[in-house]
Amino acid sequence: MHPIIPINDRIYLREWKVTDIDSLTLNANNYLIWKWLRNTFPHPYTYSDAAFWVETGQYASSQLNFAIVYEEIAIGGIGIIFKDDIYTLRAEIGYWVGQSYQGLGITTACLKHLTEWGFQNYHLTRIEAPVIAGNEPSMRILEKSGYHLEAIHRFGIFKENEVKDEYFYVKYAPSLVN
């Protein structure tokens, strides 16, 4: 069971629920969302995909996946993937919101809060966020949330039959940089 993480009086993060399936299908079934995410994110995004995610997919053992809820509607997702082995003090964060909700500051607010929450609740030294070249809005969200560009992995991504660069953003644990 995931905690509920309040962002403000209109936004919070929580576990996905069966009642979110229609909203998830509506917001996720968009090429402009999919083109910036991993290929494991389906496109087209069907009702069956949403039902699978809500019922089983969100519960991977090495991940915490949250619904972004705005005015009581699940409009996107955000999650932390925990690394293992020699990378055990590292995590990766990823996020998306439906196109109708972009540009409202929702993603930035959620990213800031979940990053802080991750550092407070897990012994992490860094949280990383890879971005596909060309996704400037996501880069700006990360920068507004205190992340900085650590590296550009040339030719690091294969998406839509093209090789692209990966922009690698990071935020370090506050205890390490103070």
Side-chain angles (χ1 to χ4, degrees), residues 1-30 32-43 45 49-50 52-83 90-122 124 126-132 135-148 166-173:
M1 190 85 174
H2 298 3
I4 294 175
I5 301 173
I7 308 301
N8 61 37
D9 60 338
R10 298 167 63 184
I11 305 167
Y12 59 95
L13 308 179
R14 64 155 165 77
E15 202 167 63
W16 288 94
K17 298 179 179 181
V18 172
T19 54
D20 298 329
I21 293 173
D22 288 334
S23 178
L24 175 55
T25 305
L26 176 70
N27 285 292
N29 188 28
N30 184 323
L32 296 175
I33 302 294
W34 172 83
K35 76 181 277 183
W36 303 117
L37 300 176
R38 290 194 170 139
N39 290 332
T40 54
F41 192 92
H43 183 71
Y45 200 101
D49 294 321
F52 172 79
W53 178 253
V54 167
E55 292 167 8
T56 60
Q58 70 173 314
Y59 298 111
S61 63
S62 63
Q63 300 179 27
L64 285 174
N65 294 295
F66 295 92
I68 297 173
V69 180
Y70 174 69
E71 296 183 345
E72 300 305 320
I73 300 169
I75 61 157
I78 189 167
I80 296 174
I81 301 170
F82 298 99
K83 306 292 183 175
R90 293 165 62 173
E92 180 181 314
I93 199 161
Y95 49 86
W96 68 273
V97 294
Q99 191 173 5
S100 300
Y101 301 95
Q102 294 177 5
L104 302 176
I106 295 168
T107 310
T108 302
C110 291
L111 180 59
K112 283 180 181 179
H113 276 76
L114 188 58
T115 299
E116 291 171 17
W117 184 88
F119 283 129
Q120 290 169 359
N121 289 278
Y122 296 91
L124 298 171
R126 54 190 284 143
I127 299 178
E128 306 161 347
V131 180
I132 298 172
N135 191 354
E136 283 82 11
S138 189
M139 294 177 195
R140 284 192 304 276
I141 287 167
L142 286 159
E143 290 164 0
K144 286 190 250 178
S145 300
Y147 285 74
H148 73 273
E166 175 186 47
Y167 284 68
F168 201 77
Y169 282 80
V170 65
K171 186 163 185 180
Y172 304 119

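In plain terms, the two heavy atoms of W117 and P3 that are nearest each other are CZ2-CG, 3.4 Å. Taking both residues in full, the closest heavy atoms of E166 and P130 are given as OE2-CB, 2.9 Å, listed atom of the first, atom of the second, then distance. Scanning both residues, F41 and A28, for their nearest heavy atoms gives CZ-CB, 3.6 Å. Between C110 and I11, the shortest heavy-atom distance links the atoms SG-CG2, 3.7 Å. Nearest approach of R38 to I81, heavy atoms of both residues: NH1-CD1, 3.7 Å. What you find for N8 and R10 is that their closest heavy atoms are OD1-N, 2.8 Å.
Between the CD1 atom in I75 and the CG atom in L104 there is a gap of 7.5 Å [rounded to 0.5 Å]. To the nearest 0.5 Å, atom CG of residue D49 and atom NE2 of residue H43 are 11.0 Å apart. Atom CG in N27 sits 7.5 Å away from atom CD1 in I33 (nearest 0.5 Å). In this structure, OG1 on T107 lies 12.0 Å from NZ on K112, to the nearest 0.5 angstrom. Atom CG of L111 sits about 11.0 Å away from atom NZ of K144, to the nearest 0.5 Å. In this structure, Y167 OH and N135 CG are separated by 11.5 Å, a value rounded to the nearest 0.5 Å.
For residues 97-106, no residue pair satisfies the salt bridge (charged side-chain N to carboxylate O under 4.0 Å, His left out) rule, not counting sequence neighbours. Note on residues 72-81: no pairs pass salt bridge (charged side-chain N to carboxylate O under 4.0 Å, His left out), not counting sequence neighbours.
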Open item on the list: Working note: I68 + Y12, criterion side-chain contact (heavy atoms from CB on, under 4.5 Å); need CA distance, chi angles, decisive distance, verdict.
Closed with: CA-CA 6 Å; I68 297 173; Y12 59 95; over 6 Å; no
Task: side-chain contact (heavy atoms from CB on, under 4.5 Å) evaluation trace for N30 with W96 - done: CA-CA 11 Å; N30 184 323; W96 68 273; over 6 Å; no
TODO: Go through the steps to decide whether V97 and Y70 satisfy the test side-chain contact (heavy atoms from CB on, under 4.5 Å), and finish with yes or no.
DONE: CA-CA 10 Å; V97 294; Y70 174 69; over 6 Å; no
Open item on the list: If you apply the rule side-chain contact (heavy atoms from CB on, under 4.5 Å), what do you find for R14 with D20, and how did you get there?
Closed with: CA-CA 11 Å; R14 64 155 165 77; D20 298 329; 2.7 Å; yes
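Of the candidates K171, E92, R90, R90 is the only one forming a side chain to side chain contact (heavy atoms under 4.5 Å, CB included) with R126.
Residues Y172 and H148 place their aromatic rings such that the two centres sit under 6.0 Å apart.
Using cut-offs of 30° and 60° for the angle between ring planes, the F82 and Y122 rings count as tilted.
N29 contributes no side-chain N or O that, together with a main-chain N or O of T25, makes up a donor-acceptor pair within less than 3.5 Å. Without hydrogens or angle criteria, E128 side chain to F168 main chain gives no donor-acceptor distance under 3.5 Å. The closest donor-acceptor contact from the side chain of S23 to the backbone of A74 lies under 3.5 Å. Side-chain atoms of W36 never come within 3.5 Å of backbone atoms of V131 as a donor-acceptor pair (strictly under, hydrogens ignored). Judged by distance alone, the side chain of Q99 and the main-chain N or O of L32 form no donor-acceptor pair under 3.5 Å.
Judged purely by distance below 3.5 Å, without hydrogens or angles, the side chains of S138 and Y95 pair a donor atom with an acceptor atom.
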